[in-house]
Every structure is written in C-alpha cells, then in structure tokens.
Amino acid sequence: MSNEKPNYFDLVYQVVREIPKGRVTSYGTIANYLGLKSGARMVGYAMNAAHTMSDVPAQRVVNRQGLLTGKAHFETPTKMQELLEADGVKVENDRVLDFEKVFWDPEKELDL
DNA sequence: TCCATGACCGCAA
DNA sequence: CTTGCGGCCATGG
C-alpha cells in the first residue's frame with residue numbers, strides 16, 4: 001500500500017536546513033517551493049515543532065515583511081535576533097535589515 | 001469524532 | 001491608501 005504520507009513538516013525542515021548562513025527566507029516562499037501555495041500557515045506551524053530539532057535554523061525564517069514574527073516562540077524573545085546577528089544578518093526593531101539582499105530564494109539559488 | 005486555532009499570504013472592496 | 005476574509009495542513013481538547 002502506498003504509505004505516501006507527505007509530511008510537509010519534514011519537507012519544510014529540509015528546505016530550512018539548506019538556508020545558507022547570513023540569509024533568510026519567508027514562509028510563503030518555502031510553501032510555494034514545496035507546492036503549498038497558500039499553506040504558509042502550516043510552514044510556520046512546522047517551525048513551532050522545529051523547536052525540538054537542532055538542525056532547523058528557524059531564526060532564518062521570517063514573514064513576508066521580514067518581521068521576526070516567531071521571535072516570541074524562541075527560548076527568549078530576543079534569541080531569534082541574536083541568532084540572526086550571529087549569522088551576519090542585522091536586525092532592527094524586530095525587523096531584518098536589507099531583507100531583500102539577505103533574502104534567499106530556493107527556486108533561484110537552490111534550483112539547480 | 002467534531003470544533004477551533006496557528007511563527008502566514010494573497011486578493012478584493 | 002487601508003481593512004477584512006478565505007485557504008492550506010496539522011495538532012489539541
């Protein structure tokens with residue numbers, strides 16, 4: 001029988017893990033890359049579960065505006081910003097600076 | 001088993 | 001220009 005259980009969570013983790021250091025992406029971008037046009041919500045939900053994973057840099061995943069919407073879900077509300085700055089991404093007022101420059105598009109950069 | 005919510009995004013009025 | 005609503009999958013009570 002086809003046990004094809006497409007765990008979208010796992011798919012999201014895989015993409016997030018491929019995010020290069022110093023780069024960030026958005027939920028919708030990942031969702032779109034996986035084929036979930038409007039499944040951005042589930043991507044964010046997957047990040048919530050990603051807390052149990054250590055290989056999933058959820059701090060590199062922000063919303064479409066570059067706002068650290070999920071910073072409140074980290075160990076500390078400032079942990080996300082700290083991690084991003086540690087990666088070389090500058091954050092100001094819970095927002096990623098030069099978001100367009102650090103933006104990472106899997107379809108363009110990972111698509112080989 | 002059913003209902004409601006969630007780290008979102010896109011479109012319409 | 002701003003505001004409001006629907007849609008996607010999964011989890012919890």
Side-chain angles (χ1 to χ4, degrees):
Chain A
M1 333 256 269
S2 329
N3 262 6
E4 298 279 301
K5 295 191 84 172
N7 261 22
Y8 291 105
F9 278 50
D10 194 24
L11 296 175
V12 174
Y13 299 144
Q14 297 242 18
V15 178
V16 175
R17 274 188 222 152
E18 293 300 305
I19 299 176
K21 180 181 166 196
R23 296 276 165 131
V24 284
T25 185
S26 63
Y27 305 92
T29 302
I30 298 173
N32 187 359
Y33 178 66
L34 299 176
L36 312 167
K37 287 162 57 168
S38 309
R41 279 176 126 192
M42 159 222 137
V43 176
Y45 204 67
M47 296 281 93
N48 186 15
H51 259 240
T52 61
M53 329 275 277
S54 9
D55 296 21
V56 181
Q59 69 272 8
R60 291 179 187 160
V61 183
V62 296
N63 71 343
R64 203 43 173 138
Q65 302 176 356
L67 298 173
L68 285 56
T69 51
K71 68 167 191 170
H73 290 260
F74 276 72
E75 305 174 51
T76 54
T78 51
K79 189 64 188 281
M80 190 173 187
Q81 181 172 339
E82 295 271 322
L83 292 169
L84 284 170
E85 289 189 334
D87 282 348
V89 179
K90 293 174 181 159
V91 180
E92 182 80 30
N93 195 10
D94 299 335
R95 186 172 118 193
V96 178
L97 299 181
D98 300 316
F99 178 61
E100 307 178 10
K101 298 180 182 178
V102 296
F103 188 80
W104 179 74
D105 193 335
E107 281 205 58
K108 291 182 175 181
E109 308 206 31
L110 186 68
D111 166 88
L112 305 175

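Numbered from 1 within each chain, the chains take letters A, B, ... in sequence-line order.
Spacing between atom CG of A:Leu67 and atom C1' of B:dC8 amounts to 12 Å, rounded to whole angstrom units. Rounded to an integer number of Å, the gap from A:Asn63 CG to B:dA7 P is 12 Å. Taking atom CZ on A:Phe9 and atom P on B:dA7, their separation rounds to 12 Å, with Å as the unit. Between the OH atom of A:Tyr8 and the P atom of B:dG6 there is a distance of 23 Å, rounded to whole Å. Between A:Arg64 atom CZ and B:dA7 atom P the separation is 20 Å, expressed in whole Å. Spacing between atom CG of A:Asn7 and atom P of C:dC8 amounts to 19 Å, rounded to whole angstrom units. Atom-to-atom, CG of A:Asn48 to P of C:dC9 comes out at 19 Å; the value is rounded to the nearest Å. Whole-Å rounding puts the A:Tyr27 OH to B:dC9 P distance at 8 Å.
Residues A:Tyr33 and A:Val24 do not share a hydrophobic cluster, defined by chaining ILVMFWY side chains whose heavy atoms lie under 4.5 Å apart. Hydrophobic cluster membership is shared by A:Ile19 and A:Tyr8, with clusters built from Ile, Leu, Val, Met, Phe, Trp and Tyr side chains linked at under 4.5 angstrom.
Across A:Arg17 and A:Asp55, no two heavy atoms sit closer than the pair CG-O, 2.7 Å. Contact between A:Trp104 and A:Thr29 at its shortest, heavy atoms only, is O-CG2, 4.5 Å.
Spacing of C1' atoms, B:dA7 relative to C:dT3, comes out at 23 Å, to the nearest Å.
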> Along nucleotides 1-7 of chain C, 5' to 3', which nucleotides get a B, which get an S, and which get a -, given that the test is a protein heavy-atom distance under 4.0 Å?
Replying inline: ------B

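Annotation: ring-ring contact (aromatic ring centres under 6.0 Å, His included) contacts of A:Tyr45 (sequence neighbours excluded): none.
Mapping A:Lys37 and A:Ala58 onto DNA chain B by nearest heavy atom places A:Ala58 at the nucleotide closer to the 5' end.
Paired with A:Met47 under the rule side chain to side chain contact (heavy atoms under 4.5 Å, CB included), one option of A:Val16, A:Thr69, A:Ile30 passes, and it is A:Val16.
A:Phe74 comes within 4.0 angstrom of a base, heavy atoms only.
In this structure, A:Leu67 stands alone, with no Ile, Leu, Val, Met, Phe, Trp or Tyr side-chain heavy atom under 4.5 Å from its own, directly or through other members.
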